[in-house]
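Right, one structure below, let's go through it.
One-based numbering, in listed order, for ligands and for the atoms of each. Note that the structure is a prediction, hence the values are computed from the model and not measured.
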Amino acid sequence: MKFKIIAALFITTLTFASSVVNASLILGTGTGSLRGNDLTDPENDGAHDADINYNATFNANSEPGFGGGEYSFNVFDNVLSGGNGKWCCESVGTAAKNLNDANVTGLWVEANFGSTQYFLDAFTLSSANDVAGRDADQWRILGSNDGVNYTSIYTYDNNGLSIWNQRFQVVEFSVAENDFVSTQAYSIFRYEAYSTVSANAHQLGELEFFGTQSVQSAAQVPEPSTLAIFSLALLTFGARRFKK
Ligand SMILES: [Ca+2]
Ligand SMILES: [Ca+2]
Ligand SMILES: [Ca+2]
Ligand SMILES: [Ca+2]
């Protein structure tokens, strides 16, 4: 009897521990469950099928563009829908890859904020409408400041198992919920998928990044008041010289 209780406690502890490894928060399903106003479009006024009113430069190694034939930038269009509300359907294969291999490659899409760096506070990933077998089961969120060297911020490595249990489901990962730590500010944030669950096509409905601007990058942009004082000083100096 005693053994049974101890065994049950042990199993419970194990289950609890494994559920914490890839902790995340389900926000709901559908466009209305997106957090919205993310770094790529704080005004939430980006065009559905064109690169208009977005506050980042986008890049991808797969179908770069909004609209198109379910192009990759559709993960930033603030919409969860079939067709051009999602990115689909190039293949990364279903076999598990070794993510410790420095040369591992996948399908990626990224947002570039130029000279502005952010500490990533949270991100959301949303499933698309197609079969769940197309969901990624190995993926990363990476940060970079030069577009060459990328550092992993979050790694999901569960071959055969995606993070979603419904279509159009919005799942959030955050520093506040201890899902990851944010020790370095970056100007580029990338999502890269390395494998899918069971279908030779990869899909993603939406991707949102939330962060805090680093003080350093904020200081790189001269304040208007500083510029005004500098201009005034130049004018005064010029006027003095002219008087001579
Ligand atoms: Ca905008
Ligand atoms: Ca957005
Ligand atoms: Ca979308
Ligand atoms: Ca897989």
Hydrogens and angles aside, do [X] and [Y] bring a side-chain donor and acceptor to less than 3.5 Å of each other?
X	Y	answer
Y150	E192	no
N74	E70	no
Q166	T29	no
T155	D157	no

Looking only at N, O or S atoms in D45, which is nearest to the Ca ion (ligand 1)?
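Going by distance to the Ca ion (ligand 1), the closest N, O or S atom in D45 is OD1.
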Parallel, tilted or perpendicular: rings of Y156 and W139 (30°, 60°)
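Answer is parallel, since the angle falls under 30°.
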Using the ring of each side chain (for Trp, its six-membered ring), is F66 parallel, tilted or perpendicular to F58, with breaks at 30° and 60°?
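Correct class here is perpendicular.
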Counting backbone and side-chain atoms alike, is an N, O or S atom of N44 positioned under 3.0 Å from the Ca ion (ligand 1)?
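Checking N44: none of its N, O or S atoms is under 3.0 Å.
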Indicate if the distance from the Ca ion (ligand 1) to the nearest N, O or S atom of Y54 falls below 3.0 Å.
no
Angle subtended at the Ca ion (ligand 3) by O of G85 and O of G205, to 10 degrees?
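An angle of 80° at the metal.
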How open is the angle at the Ca ion (ligand 3) from atom O of V79 over to atom O of N74, rounded to 10 degrees?
160°
Might you point out which heavy atoms bring A56 and A111 nearest each other, and give the distance in Å?
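Scanning both residues completely, I find the closest heavy atoms to be CB-CB, 4.2 Å.
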Restricting to non-hydrogen atoms, name the atom on E172 and the atom on D179 that form the minimum distance, rounded to 0.1 Å.
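Answer, listing the atom of E172 first, then D179: O-OD2, 3.9 Å.
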Atom name, E206 (N, O or S, nearest to the Ca ion (ligand 3))
OE1
For D77, the N, O or S atom at the shortest distance from the Ca ion (ligand 3) is OD1
The Ca ion (ligand 1): angle it makes with OD1 (D41) and OE1 (E43), nearest 10 degrees
100°
To 10°, measure the O(N53)-the Ca ion (ligand 1)-OD1(N55) angle for me.
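Centred on the Ca ion (ligand 1), the O/OD1 angle is 90° (to 10°).
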Roughly how far, to the nearest 0.5 Å, is CZ of R167 from CG of D130?
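Here the rounded value is 8.0 Å.
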What's the spacing between F113 CZ and Y186 OH if we round to 0.5 Å?
14.5 Å
Using a cut-off of 3.0 Å, find all protein N, O or S atoms closer to the Ca ion (ligand 4) than that distance.
T94 O, D137 OD1, D137 OD2, N159 OD1, S195 OG, T196 O
Counting backbone and side-chain atoms alike, is an N, O or S atom of N78 positioned under 3.0 Å from the Ca ion (ligand 3)?
no
Short check: any N/O/S atom of F76 below 3.0 Å from the Ca ion (ligand 3)?
no
Do other residues, nucleotides or ligands put more than 12 heavy atoms under 6.0 Å from F209 CZ?
yes
